[in-house]
Structure formats: C-alpha cells, structure tokens
Amino acid sequence: MADLRERIKDKKRIVIKIGSSSLQHAETGDLDYTKLDVLVRELCDLRNQGKDVVLVTSGAIAVGKKAVHLKGIEKDNPIAVKQACAAVGQARLMMTYQKIFAEYNQVAAQILMTKNTIVDNLNRYNAQNTFAELFKLGVIPIVNENDTVATYEIEIGDNDTLSAIVASLVGADLLLLLSDIDGLYTDDPHKNPDAKFIEVVEALTDELMDMGKGSTGSNVGTGGMNTKLQAAKIANSTGVDMVIANSKDIKVIHRILDGRNIGTLFMAHKDEAFDLPLYVQQMHK
Ligand code: GLU
C-alpha cells in the first residue's frame with residue numbers, strides 16, 4: 001500500500017472535483033468561504049509546484065437558488081427554473097473563485113461542458129485544445145456542466161462523471177473526488193456498523209459496481225456512490241488513478257498528494273478498447 005501511495009507524489013496533472021454539499025454550510029445553504037479559501041489555496045499551491053490543475057466544481061444551481069431567494073434544495077423544480085438558477089449561480093460562483101484565485105496570484109478560467117462536448121468530434125477536439133492551451137499558459141481551468149442549456153438529452157447529469165470525463169479528456173494522471181464520505185465501504189456505514197472501509201480497489205469487478213447501486217448520497221449534489229464508481233470506471237479505464245476522500249478537511253488534498261494513505265484509491269488499468277465518446281453517448285440510455 002505504501003508504494004501505491006508513493007506513486008501519487010509524482011502526479012503531474014490533477015483533476016479535483018468538489019461537490020455542492022462540500023461548499024455550502026449545511027444549516028443555511030450559503031457558501032462556506034472558509035472552505036472555498038482553503039480549497040483555492042491548496043490548488044494554487046499545487047500549481048506553484050508546477051503541476052497542472054483542473055477544478056471541477058458544482059454549486060451553480062445551489063448558489064443561484066440562494067441568490068434569487070428560492071427556497072429548498074429539492075430536485076423537482078421545473079427545468080427552466082433550474083436553468084435560470086444555474087445561469088445566475090454559475091456567474092456568482094465564478095466571481096467568487098476568480099476573486100480568491102487572484103488573491104493567490106493565479107489565473108482561473110471557466111469551461112462549461114455538456115455531453116455534446118465529448119460526443120461531437122469537433123467540439124471534443126476544440127475542448128482538448130483549449131485545455132492544452134490553458135495548461136501552457138499556467139491557467140487553472142474551472143469546469144462545470146453547462147446546466148443552463150443542458151437538458152436531459154445532452155446532460156452528463158452529475159459532476160462525479162463529468163470530472164472523470166474531464167480527467168480522461170485532458171490526459172490527467174490523477175482524479176481526486178472530494179465528497180462528504182471517507183471513501184468506499186463494503187456496505188453503507190450509516191446503516192451497517194460492520195461495514196468495512198476499502199483502502200484500495202485494484203479492479204472494478206461487477207460485484208463492486210453493483211455495491212454502489214441504490215446509494216443516493218447527500219441531498220445537495222447529484223452524486224452518490226454509484227456515480228463515483230461510474231467515475232472510477234471511466235477514469236481507470238482511460239489510465240487515470242482516482243482517489244475518493246472526505247472534504248470535511250480540504251487540506252486532505254496536499255496530504256494525499258504527499259503520498260499519505262487517505263481515502264480509497266482506485267487504481268488505473270488502461271483498457272485500450274474503452275472508447276470515451278461512445279461510452280458518453282450511451283450513458284443514461
Ligand atoms: N452541475 C450542478 C451544479 O453546479 C451540480 C451537479 C452535481 O452536483 O453533481 O449545480
């Protein structure tokens with residue numbers, strides 16, 4: 001295990017995903033600026049070490065709802081309301097990120113994607129070129145789904161999957177999913193006290209993939225364990241190691257990058273037959 005974690009130290013291109021529930025105060029739903037600040041500082045420090053960094057962030061819809069004083073975090077709002085909230089919230093979220101990144105002398109960029117960005121050859125090629133250019137310029141891309149236009153036909157649907165797609169698209173060597181859980185357990189630890197923590201997953205067996213089914217996660221983001229295992233499938237099949245860790249202390253980012261044994265490590269096992277655009281096209285069908 002120690003050796004497996006040692007190799008994390010050498011990672012050069014890292015995609016970090018943070019969910020809405022990790023960015024908000026649970027009691028009010030408002031942004032947790034302390035956490036945002038630590039997150040940005042951690043990312044800037046990775047950049048200062050010469051690593052390429054991408055942030056995949058949720059929060060557009062949640063922040064937008066707050067801004068226009070809509071109550072509740074339920075998921076059954078009419079689509080247009082959600083999209084309007086996303087339009088307001090994405091801009092606010094970026095404004096906040098831009099401000100904090102600037103405090104640490106880093107430049108951040110926004111990339112909004114849908115399924116079409118991957119499935120359409122020209123769009124995918126353009127997105128890849130944009131990422132490549134941003135890395136050359138030393139800019140930190142901040143990615144979200146383009147929730148304002150993405151209805152069900154073209155939506156990826158959750159940022160766990162989106163972050164794995166991005167990791168694969170940019171040829172990252174590590175995907176770090178920060179969530180409200182410590183990692184993968186043999187069963188739901190809230191319901192089963194005998195559930196055991198899994199430190200490393202060497203192969204994504206069918207049995208393992210089935211374990212995530214039915215898990216819903218928190219009621220803020222869209223991701224439960226199922227979407228995290230789907231993300232692992234995309235990341236690992238395209239040669240990207242993935243770690244799931246708890247975001248309650250955002251400083252886990254540098255601890256993990258220092259090779260410490262935190263969270264669950266899903267080891268890459270590149271499958272040459274895995275076709276990302278085809279896989280994305282067939283998702284949710
Ligand atoms: N894209 C959505 C948002 O920014 C969140 C999706 C997710 O939480 O997985 O509000």
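Being a predicted model, the structure only gives us computed values, none of them experimental. When a residue number appears, it is its place in the shown sequence, counting from 1. Note that ligands are numbered from 1 as they come in the structure, with each ligand's atoms numbered from 1 the same way.
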Heteroatom proximity flag, Ser58 to ligand 1, N/O under 3.5 Å: yes
Under-4.0 Å salt bridge between Asp188 and Lys191: yes
Salt-bridge present (Arg41, Asp45; N to O < 4.0 Å): no
Structural part of Ile61 in contact with ligand 1, heavy atom criterion under 4.0 angstrom: both
Any Gly19 heavy atom less than 4.0 Å from ligand 1: no
Side-chain ion pair, Asp160 and Lys228, N-O less than 4.0 Å: yes
Contact atoms of ligand 1, heavy-atom distance to Asn144 under 4.0 Å: 1 (N), 3 (C), 4 (O)
Among Lys115, Glu145, Lys17, side chain to side chain contact (heavy atoms under 4.5 Å, CB included) partner for Leu162: Glu145
Min N/O separation Ala60 to ligand 1 under 3.5 Å: yes
Contact atoms of ligand 1, heavy-atom distance to Asp158 under 4.0 Å: 9 (O)
Check: Asp147 N/O within less than 3.5 Å of ligand 1 N/O: yes
Arg47/Asp52 salt bridge by N-O under 4.0 Å criterion: yes
Proximity to ligand 1 by part of Asn159, non-hydrogen separation under 4.0 Å: both
Residues Tyr185 and Asp182: side-chain donor-acceptor under 3.5 angstrom: yes
